[in-house]
Structures are given as structure tokens and as C-alpha cells.
Amino acid sequence: MTVLDRIEELQGEALAAIDQAADTAALEELRVRFLGRKAELPNLLRGVAELPPQERGAVGKAANVARKTVEERLQAATERLAQAELDARLAADRVDVTLPGRPVEPTGTLHLLTAVRREIEDVFLGLGFTVMEGPEVDTVHYNFDALNHDPAHPARARTDTFYVRDDVVLRTHTSPMQVRAMEAQPPPIAIIVPGRVYRRDSDATHTPQFHQVEGLWVDEGITLADLKGVLLAFCRAIFGTEREVRLRGHFFPFTEPSVEVDVSCFNCARDGSPCRVCKGTGWLEILGAGMVDPNVLAGVPGGAYDPEQVQGFAFGMGIERIAMLKHGIPDLRLYYDNDLRFLRQFG
Ligand code: PHE
């Protein structure tokens, strides 16, 4: 067979194979097979120089034309098959933009107790208090002794309080942080302390764990009038600008004098008739408070809180109770049942 015949044969073979290729990957293989570095046709072209001079022109030209023909056919086939492959992929990946979108996953809402705690914190931050937290497991010393509790005080009983050890309890109130905070910094001090507290109580109006916010402000010349002013501002921020507060005498071991604080009933004000919430009295009890007992101040190590120099007030409120009054929640257990129909109302 002459070289020219071989060229023609190779070209025919290549074109036939290209026309039958099923996809672009097959075409790539054919490109290597017929036009690659080790393929016969390019080798013939490279060998033209070694041919007898009278053959060079014809062989060179034929090989060149053959290579170009094969290249052009490859190019055309590649374009055709690539387009077909793209069309097939687009058809398979088709997105129906007319379908209704998938709704965004609901992100949930703050629990009512969290929302109310934050609201309370915001009010006191605005009045210049800072927020502190303290341990939920605390010593008998901080929970009772340093707060001037008599050794026979009923709250010390194991029927009332969860004991971890003889000298360690689950704190029964946030008041131990009064002492811890004063130990940590000299006066003046103005803090609130939100947190969990624990008591051995369980019925419609008591759960063994609940939440309090403690308040403490100690400086030179603080009086009961400051307590009343701060709590009035607090009540008006939380319960409405029309509110009044009143103080009633009470007893706590760690305040002297001690008071219970009432806010004027906002349900009565709403419909003008005596309501069930305040039982027609016009007042709702919201917290316990008083002037920090001199014994508590004097007990702070180092003498930084000399009761002859500084005075202060403290208060403690239940977050559950504040939220109940504010939102008309009838039963404490609703906070903890995790019924979404309840929780979602306070997003
Ligand atoms: N710790 C008291 C309680 O839990 C509340 C209180 C706090 C009273 C601060 C006076 C001063 O009942």
C-alpha cells in the first residue's frame, strides 16, 4: 500500500469512528487515537522530510488535508454532542419555579420567663444597676447565717430546703448574692441578680424550682424613699405608667425595717369593677424588700460596709409572679408544661 493510500484509509477510519461516537468522552479518545502524539497520521506528517523529494509534496499535502479534515469533523461532532449533553443535563436538573416555596423552618420564640427576666433587667440597667449572677448551690453560711437568720429559723428545716450536705444547700433565694457581691467590691454598689432558686414546695402556686431577681443598692445616705422611688419606676415600666406602689410592714431576717410591696391593680383600672386578681383590694403584692440590716453590712469581711457609714436597700421578686400578674397567667404550671399553644402566645 502506498503512503497516500494509507493516509486516505486513516482518514476514512477516523471520520467513520467520529460519526459513530456516542458522547464527548468518546470523541476525546478518538482525538488521542488519530491526532495524538503517538498517532500514525501526525507521525507520517513529521516523517515527510525523510521521503524522496518527488513524493514529499503530494504526501505532505494529503496528510495535512487529512489531519485538517479529521480535526474539523472532531470539532463539529464535539460541538454537537456537547450541546446535546448540556440539553440533557438541563432537562434532568429542571427546577419548577412555579412550585410553592418550602416554608422557612420556624425559629421558635423566647420563653415567657426569659422574656420577662430580660425586661426586668432592662429596666434596672436603665436605672444604673448592673446584672450579676451567683451559684445555685451555696453554703448554709451565705444562704442563712450571713443573712442574719436565727439558728432556729424555720426555712433552715430539711422539710423546707434541699440540703446537698449539712453545710451546703440549693439556694432558697437569690439573697446570698447580697453578701457575695459586697465581699467582691466596696461600696457604692447597685446590682440585680436574676437566677434560679429552690424550695421543697409543690402545688398550683409553688414549684420546687423557680426564679427570682434580687436587688441591692448600698451607698451613703440611701433611705426607704430611694427604695420606693426605684420600685415605683420599675412598676411603671413593667405594669404601666399609671401605677402606684405601697409599702406594708413585714419581717425578713436580713432587712430592718422590712416591707412587702404592692402595685396598684391594673385589671381593676381596666374594667372599672373589683376584679378577681386583686380580690377587690386594688393592690397586688409583688415583692419583699427592706433596708439592709446593719448586722448584714457589719458581717461583710474587711469592714468596707460599716453600717455607720453606708446604708442600703434590698428587694427580691419572683419572675414567675411578675409574669403571671403582667400577662394574666392563671396557673404556674403553664410555664413548665411546654405546651406550644401557651408558649407561642408570647413571641
Ligand atoms: N429573699 C426574700 C425571699 O425570698 C426576699 C427579699 C429579698 C426580702 C431582699 C427582702 C430583701 O422571700
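Atoms considered below: every heavy atom in the structure, side chains included; atoms not considered: hydrogens, waters and symmetry mates. Remember, it's 1-based here, ligands and their atoms both numbered in the order they're listed. Computed from a predicted model, the values in this text were never measured in an experiment.
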Do Ser264 and Glu244 get their side chains close enough for a donor-acceptor pair, meaning under 3.5 Å?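 There is no such pair between these side chains.
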Does the salt bridge (charged side-chain N to carboxylate O under 4.0 Å, His left out) test come out yes or no for Arg33 and Glu29, once each step is laid out? CA-CA 6 Å; Arg33 185 167 132 209; Glu29 277 170 30; over 6 Å; no
Using a 4.5 Å cut-off on heavy atoms from C-beta on, say whether the side chain of Asp87 contacts that of Gln83.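 Yes - at least one pair of side-chain heavy atoms lies under 4.5 Å apart.
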Considering the heavy atoms of [X], write down every atom of ligand 1 situated less than 4.0 Å from one of them.
X	value
Ser175	1 (N), 7 (C)
Ala314	9 (C), 11 (C)
Gln178	9 (C)
Gly288	6 (C), 8 (C), 10 (C)

With the threshold set at under 4.0 angstrom, would you say Phe313 reaches ligand 1 through any of its heavy atoms?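 In this structure, Phe313 fails to qualify as a contact of ligand 1 - no heavy atom is under 4.0 Å.
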Look at ligand 1 and say whether Gln212 reaches it with a heavy atom at a distance under 4.0 Å.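 True for this residue.
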Over 12 foreign heavy atoms within 6.0 Å of CZ, Arg37: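 Open: at most 12 neighbouring heavy atoms sit under 6.0 Å from CZ of Arg37.
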Do the two ring centres, one from Phe210 and one from His173, sit under 6.0 Å apart?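 Not under 6.0 Å, so no.
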For atom 2 (C) of ligand 1, find the nearest protein heavy atom and state the residue, atom name and distance (0.1 Å precision).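 Sorting protein heavy atoms by distance from atom 2 (C) of ligand 1 puts Phe254 CZ, 3.8 Å first.
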Identity and distance of the protein heavy atom lying nearest atom 7 (C) of ligand 1: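 That would be Gly316 N, 3.3 Å.
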Between Glu85 and Arg89 (salt bridge meaning N to carboxylate O under 4.0 Å), is one present in this structure?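 No, no charged N to carboxylate O under 4.0 Å.
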Sole residue of Phe252, Trp217, Phe124 in ring-ring contact (aromatic ring centres under 6.0 Å, His included) with Phe315: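 It is Phe124; the other options fail the test.
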Taking the minimum heavy-atom distance to atom 4 (O) of ligand 1, which of Arg199, Glu214, His250 ranks first?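 Checking each option, the heavy atom nearest atom 4 (O) of ligand 1 is found in Arg199.
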If the test is side-chain contact (heavy atoms from CB on, under 4.5 Å), which one of Leu231, Leu232, Leu284 qualifies with Val261?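 The side-chain contact (heavy atoms from CB on, under 4.5 Å) with Val261 is passed solely by Leu231 among Leu231, Leu232, Leu284.
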Ligand 1 to His173 polar contact by distance, N or O atoms, under 3.5 Å: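 Checking ligand 1 against His173, an N or O pair does fall under 3.5 Å apart.
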Heavy atom under 4.0 Å from ligand 1: found in Phe315's side chain, backbone, both, or neither?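 Backbone only.
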